[in-house]
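What follows is one structure encoded as structure tokens, with my remarks underneath.
Below, read A as the first sequence line, B as the second, and so on, with proteins coming before strands; counting in each chain starts at 1.
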Protein chains: 2
Amino acid sequence: MLNKYDVIPLYVQLNDKLREKILNGELKEGEALPSENQLMQEYSITRTTIRRAVDELVKEGLVEKEQGKGVFVRLRQTKQNLWNFQGFTDLSLKKNQQPVTRVLKKEIITENNTVFLKLERLRGTKSNEKTTWLTIDCSFLPIDVFKGIDRFDFEAVSLYQTLRNDYQIFPHHVVLDINPIMCDDKMCERLELLSQIPLLEARGTVYSKDGMEIEKIHNIYGPHFQFKLNQYI
Amino acid sequence: MLNKYDVIPLYVQLNDKLREKILNGELKEGEALPSENQLMQEYSITRTTIRRAVDELVKEGLVEKEQGKGVFVRLRQTKQNLWNFQGFTDLSLKKNQQPVTRVLKKEIITENNTVFLKLERLRGTKSNEKTTWLTIDCSFLPIDVFKGIDRFDFEAVSLYQTLRNDYQIFPHHVVLDINPIMCDDKMCERLELLSQIPLLEARGTVYSKDGMEIEKIHNIYGPHFQFKLNQYI
DNA sequence: CAGTGGTCTAGACCACCCT
DNA sequence: GGGTGGTCTAGACCACTGT
């Protein structure tokens, strides 16, 4: 199963394999991973190596360890609720709300000698024919990485599902600056706010696992969006 | 030097010792840590344990490893999360700034049948006789967990260092709600702001490793505090 | 009690960096 | 070549969890 002579370390190979099983649903939310002893036998590697691979999963926020019990898939807290990156659609559906995306702008721009698709989306949830607008998401996607990405209709398909399915690119981590800003008239109108109130703004970059920049973002979070954080310190 | 029979794991003891040497200037910016072989001899522990201790320092953002060369103290990098839960004092010292803390309020209160020390602190950094106020931190510490904590002068000593040194309690993770708020007159005056601008507010709970609530917080972040986030998604 | 993860030892071989 | 960190093995003992 694992290739001892590959340049990729065994713990990375195992880490990739386990992450894949979690993300494709083979290991479901709340389920336990095979124990360290089982993994030792299954892959014929030592416990140290297995522990290293699993520790990476913990750092990635995919699993949690519980002493004396096992390692359990925990996708919910750190990933959901946080922002609308990959969990937006799933999160909405879980709450029996229908996710709604309206594309406000979609254009090719050039910045610092790089060509980007600029995609501005208004996002919200619908229940009982009433739509609550949550965020204004602005994404900049380098089109040399995502060739032909401008052909998709992002009111119909999810951006992150497209990146995964059509480009085999998986967002890994994000670096953000978070600031409070005062709502301007345009934001007010788009988010359907009655008065000018302070909002949250996030600017930053999304990276793939190997450190490649895959998306620059500039999002505005409206008052109906709960910005929750669960951080290890 | 290290106590093999202590309940505190050796790698934590070594990690603490090295962090201390970095923060108190014994190991200066850019300097190399002793090599793994040297540390093995100095502390009579194996390389695995040393590597674990050093890896924690890397995670904390205090050092960087360079293959074939060594481990170097790197305090100025801004890669890591920039808030004051890992210790405002530690963070300021890392940036070669002098932390300033003014205690605004210190009282015993009771809430939900639990007795807390309520500690409100104005915090900033001083350079060239000019103090820049960054945050207003409000902490609620359960006094049945931290007996006698009201005797400390938190203008003189760091809260987190006290928790570590006097109570052997280590913050592990934090759950936060983050909201934008409008500055009121009191905040404006305390943070020495010229006009009313939107600010960031964080409310939440800090937990120890075993899930015990060790602190409730309600912090206000002024415009000079950069709220950076580095998250796996 | 058996099974789990937590810590630690004492080695080994490797790739990388500098001289 | 000699020193550094990167990976890996094959054990050991421990604390915690559930039955």
Problem set entry | Between C1' of dG6(C) and CG of N15(B), the distance in whole Å | 16 Å

For this session: Please determine, by modelled atom types, if D137(A) and T135(A) share a side-chain donor-acceptor pair under 3.5 angstrom.
Result: yes

For this session: Compare all side-chain heavy atoms of Q13(B) with those of Y43(B) and state whether any distance is below 4.5 angstrom.
Result: no

For this session: Take atom CZ of R52(B) and atom P of dT7(D), then tell me their distance rounded to the nearest Å.
Result: 16 Å

Problem set entry | Phosphate-side-chain proximity, Y11(B) and dC8(C), N/O vs OP1/OP2 below 4.0 Å | no

Problem set entry | Rounded distance (Å) that lies between atom C1' of dG6(C) and atom CD of E66(A) | 15 Å

Seminar exercise, completed: Between NZ of K65(A) and P of dT7(C) the distance, given in whole Å, is 9 Å

For this session: On DNA chain D, check which nucleotide each of I45(A) and V71(B) is closest to and give me the residue with the more 5' one.
Result: V71(B)

Problem set entry | N/O (side chain, S35(B)) to phosphate O (OP1/OP2, dT4(D)) under 4.0 Å | yes

For this session: Please report the shortest heavy-atom distance between N219(B) and C138(B), naming the atom on each side.
Result: OD1-N, 3.2 Å

Problem set entry | Euclidean distance, atom CG of residue L14(B) to atom P of dT7(C) [Å, nearest integer] | 14 Å

Exercise. Which part of the nucleic acid, if any, lies within reach of R51(A) when heavy atoms closer than 4.0 Å are counted: base, sugar-phosphate only, or nothing?
Worked result: base

For this session: Between dA15(D), dC8(C), dT4(C), spot the one nearest the side chain of N37(A), thanks.
Result: dT4(C)

Problem set entry | Any T49(A) side-chain nitrogen or oxygen under 4.0 Å from OP1 or OP2 of dT9(D) | yes

Exercise. Where the side chain of T46(B) is concerned, which of dT4(C), dT7(D), dC8(C) is the nearest nucleotide?
Worked result: dC8(C)

For this session: Take atom OH of Y5(A) and atom C1' of dC13(C), then tell me their distance rounded to the nearest Å.
Result: 13 Å

For this session: Please figure out whether G68(A) or D55(A) has its closest DNA chain C nucleotide nearer the 5' end.
Result: G68(A)

Exercise. Tell me: CE of M40(A) to C1' of dG6(C), nearest whole Å?
Worked result: 15 Å

Exercise. OP1 or OP2 of dC16(D) sitting under 4.0 Å from any side-chain N/O of K69(A)?
Worked result: no

Problem set entry | Distance test, side-chain N/O of K4(B) to OP1/OP2 of dC8(C), below 4.0 Å | no

Exercise. Does the side chain of E213(B) come under 3.5 Å of the side chain of T205(B) through a donor N or O and an acceptor N or O?
Worked result: no

Exercise. Can you find a side chain N or O atom of R47(B) that sits less than 4.0 Å from OP1 or OP2 on dT9(C)?
Worked result: no

Seminar exercise, completed: By nearest-nucleotide position on DNA chain C, the 5'-leaning member of T48(A) and G70(A) is G70(A)

Problem set entry | Distance in angstrom units between Q67(A) CD and dG5(C) P, rounded | 10 Å

For this session: Give a yes or no on whether a salt bridge exists between R19(B) and D16(B), defined as a side-chain N under 4.0 angstrom from a carboxylate O.
Result: yes

